[in-house]
Amino acid sequence: MQRVRCRAQSLKRYAHVRPAHALEQRIWRELAFHVSALAHLCHKRSVSVDIPISAKLLRWYDAHARDLPWRSPPGSSPPDPYRVWLSEIMLQQTTVGAVKPYFAKFTARWPTVDRLAAADDADVMAAWAGLGYYARARNLLACARAIVAGHGGVFPANEGDLRTLPGVGTYTAAAIAAIAFHQRAVVVDGNVERVVSRLFAVETALPSSKPELWRLTDTVTPETRAGDFAQAMMDLGSTICTPRHPSCLICPLQTDCLATRNDPASYPRRAAKVAKPERSATAFWIERDGQVLLIRRPQSGLLGGMRAFPSTLETKAASVDQASFHQGEPAGEIVHVFTHFRLTLSIRIGTPETGCNISTDGEWWPIDLLEEAGLPSVFAKVATVMMEKVTI
DNA sequence: TAGCCGTGGCA
DNA sequence: TTGCCAAGGCT
């Protein structure tokens with residue numbers, strides 16, 4: 001045991017070494033954590049200590065925190081609230097990998113909330129294109145302008161005031177208060193719901209279990225470092241306590257977890273899901289002098305406020321799309337799966353006249369610049385199909 | 001309150 | 001190929 005402790009201490013002398021590659025860094029952090037845990041175990045080998053869950057998690061986080069562009073290192077001064085807010089909006093129901101390039105693009109182009117508030121709507125919507133959930137982009141602008149107009153360009157520092165801002169709900173308000181302002185707030189997102197429902201083996205199914213999960217999260221949230229704690233829960237959820245195959249053997253909370261030996265992947269329990277409805281519609285490629293007709297979709301509803309090809313794709317799901325539209329020559333078909341329905345979109349080559357029947361406020365867009373139009377993915381697929389036809 | 005609202009990666 | 005899922009909010 002003494003030899004192990006000496007080896008652990010000598011290894012800790014190399015803690016400042018930072019390998020160049022991401023994989024090596026990850027392995028190094030992993031090694032450093034286990035060395036630290038081993039040294040701790042040696043030191044406390046004969047003493048049973050009841051360490052709080054938050055303390056275990058924070059210790060793990062200090063060694064394993066992911067290095068993300070919107071973060072400051074664990075335990076350091078709070079990061080810029082603007083960057084925290086922007087990242088939290090982008091990360092709503094969106095993976096870290098998808099957000100990174102958009103976060104870089106937005107912060108380079110609009111480095112402050114004042115600059116963003118002064119931006120043109122069309123520029124922001126186009127910059128958001130491809131990230132999905134476009135109401136977020138509309139609310140992003142509304143929020144930036146509310147901060148400038150109603151809060152002197154400064155983000156409010158408490159959960160209650162944050163909650164009144166457009167696009168900022170219960171989760172986001174708590175996350176900003178905790179991370180950007182070091183307030184004690186109970187931060188519950190999808191990761192936390194999963195971790196906590198496993199930790200306490202919550203048998204109630206989501207979403208009815210949400211109040212119970214909030215209460216349980218409240219019981220384990222520390223008085224200080226609530227922001228680091230929240231981010232630690234999210235890191236744990238995305239790297240160890242994953243949805244399908246959790247890595248319980250290396251989990252810092254394994255000894256506290258009631259689900260670890262009882263099919264942890266089966267938590268959180270979920271209500272049975274219903275099948276996705278099928279919808280079909282027609283999109284029109286209407287060309288003139290090397291340009292193609294684009295329209296702006298209505299501000300609310302499906303793909304609200306985004307540029308698009310004229311189509312029979314309705315804004316409200318309740319209405320029926322005109323699937324059997326026979327004007328124009330058939331030019332192909334694409335399939336796109338949204339969260340709540342599966343769309344088969346027929347493409348037809350129309351004329352400016354048929355286009356005017358569908359929309360009167362279109363804009364003619366150069367075909368060779370279509371990539372800059374900021375089309376949502378479903379219409380970007382249409383563009384790809386038609387561009388391939390042109391090049392053939 | 002439950003339905004609506006994107007996208008891409010993964011198994 | 002298909003379904004599941006990810007740092008939710010709005011109505």
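In the text below, chain A, chain B and the rest are named by the order of the sequence lines, each starting its count at 1.
A distance of about 22 Å separates the P atoms of dG8(B) and dG9(C), rounded to the whole Å. dC4(C) and dG3(B) are spaced 16 Å apart, taking the P atom of each and rounding to whole Å.
Classified by interplanar angle (parallel below 30°, tilted 30° to 60°, perpendicular above 60°), the ring pair Phe338(A)/His336(A) is perpendicular.
Contacts of Gly237(A) with the nucleic acid, taken as non-hydrogen atoms under 4.0 Å apart, are absent. At the heavy-atom level, Ser87(A) lies nowhere under 4.0 Å from the strands shown. Ile176(A) comes within 4.0 angstrom of nothing in the nucleic acid, heavy atoms only. Across all strands, Leu303(A) comes closer than 4.0 Å only to sugar-phosphate atoms, never to a base (heavy-atom distances). Using a 4.0 Å heavy-atom distance criterion, Gly130(A) is classed as a sugar-phosphate-only contact. Contact annotation for Trp70(A): base contact, defined as any heavy-atom pair under 4.0 Å involving a base atom. Residue Val337(A) is classed as a base contact, given a heavy-atom separation below 4.0 Å to a base. Among the atoms of the strands shown, none is found under 4.0 Å from any heavy atom of Pro207(A).
For Arg270(A), counting side-chain heavy atoms from C-beta on, the closest listed nucleotide (dG9(C), dA6(C), dC5(B)) is dA6(C). Between dA6(C), dG9(C), dC5(B), one nucleotide has an atom nearer to the side chain of Leu302(A) than all others, and that is dC5(B). Here the side chain of Phe338(A) is nearest to one of dC10(C), dT7(B), dC5(B), namely dT7(B). Comparing dG8(C), dA6(C), dT7(B) by their nearest atom to the side chain of Pro376(A) picks out dT7(B). Of the listed nucleotides (dG8(C), dC5(B), dC5(C)), dG8(C) has the atom at the smallest distance from the side chain of Thr172(A).
Checking the phosphate oxygens (OP1, OP2) of dG3(C), no side-chain nitrogen or oxygen of Arg342(A) falls inside 4.0 Å. At dG8(C), one or more side-chain N or O atoms of Gln93(A) fall inside 4.0 Å of OP1 or OP2 (strictly under the cut-off). Regarding contacts with the backbone of dG8(B), every side-chain N or O of Thr94(A) stays at 4.0 angstrom or more from both OP1 and OP2. The shortest distance between the side-chain N/O atoms of Arg136(A) and the OP1/OP2 oxygens of dC10(C) is not below 4.0 Å. The side chain of Tyr134(A) places an N or O atom within less than 4.0 Å of a non-bridging phosphate oxygen (OP1 or OP2) of dT7(B). Residue His340(A) places at least one side-chain N or O under 4.0 Å from the OP1 or OP2 atom of dC5(B). Regarding contacts with the backbone of dT7(B), a side-chain N or O of His336(A) is found under 4.0 angstrom from either OP1 or OP2. Close to dT7(B), at under 4.0 Å from its OP1 or OP2, lies a side-chain N or O of Ser377(A).
In this structure a side-chain-to-backbone donor-acceptor pair under 3.5 Å is missing from Arg198(A) to Ala259(A).
Rounded to an integer number of Å, the gap from Trp214(A) CH2 to dG8(C) P is 18 Å. Atom C1' of nucleotide dT7(B) and atom CZ of Phe379(A) are separated by 15 Å, given to the nearest angstrom. Atom CZ in Arg163(A) sits roughly 10 Å away from atom C1' in dG8(C) (whole-Å rounding). Atom-to-atom, CG of Leu375(A) to C1' of dT7(B) comes out at 15 Å; the value is rounded to the nearest Å. Regarding Leu140(A), its CG atom lies at a distance of 15 Å from the P atom of dG6(B), rounded to whole Å. The distance from atom OH of Tyr133(A) to atom P of dG9(C) is 12 Å, rounded to the nearest whole Å. Distance CH2 (Trp85(A)) to P (dG9(C)): 14 Å, rounded to an integer number of Å. In this structure, the CG atom of Leu91(A) is 16 Å from the C1' atom of dG9(B), given to the nearest Å.
Between Leu141(A) and Asp121(A) the shortest heavy-atom distance is CD1-CA, 3.6 Å. Scanning all heavy atoms of the two residues, the minimum distance from Ala383(A) to Leu375(A) falls at CB-CD1, 4.3 Å.
Cation-pi geometry between Arg269(A) and Tyr267(A) is met: the NZ or CZ atom falls under 6.0 Å from the ring centre, inside 45° of the normal.
Ranked by how close their nearest DNA chain B nucleotide is to the 5' end, Gly301(A) and Thr95(A) are led by Gly301(A). Residue Met234(A) is the one, among Val168(A) and Met234(A), whose nearest nucleotide of DNA chain C lies closer to the 5' end (criterion: closest heavy atom). Both Ala135(A) and His245(A) lie near DNA chain B, and the one whose nearest nucleotide falls closer to the 5' end is Ala135(A).
Inter-residue side-chain proximity for Pro252(A) and Ile240(A) is flagged as met; some heavy-atom pair is nearer than 4.5 Å. Within the 4.5 Å cutoff, the side chain of Leu345(A) has no heavy atoms near those of the Lys381(A) side chain.
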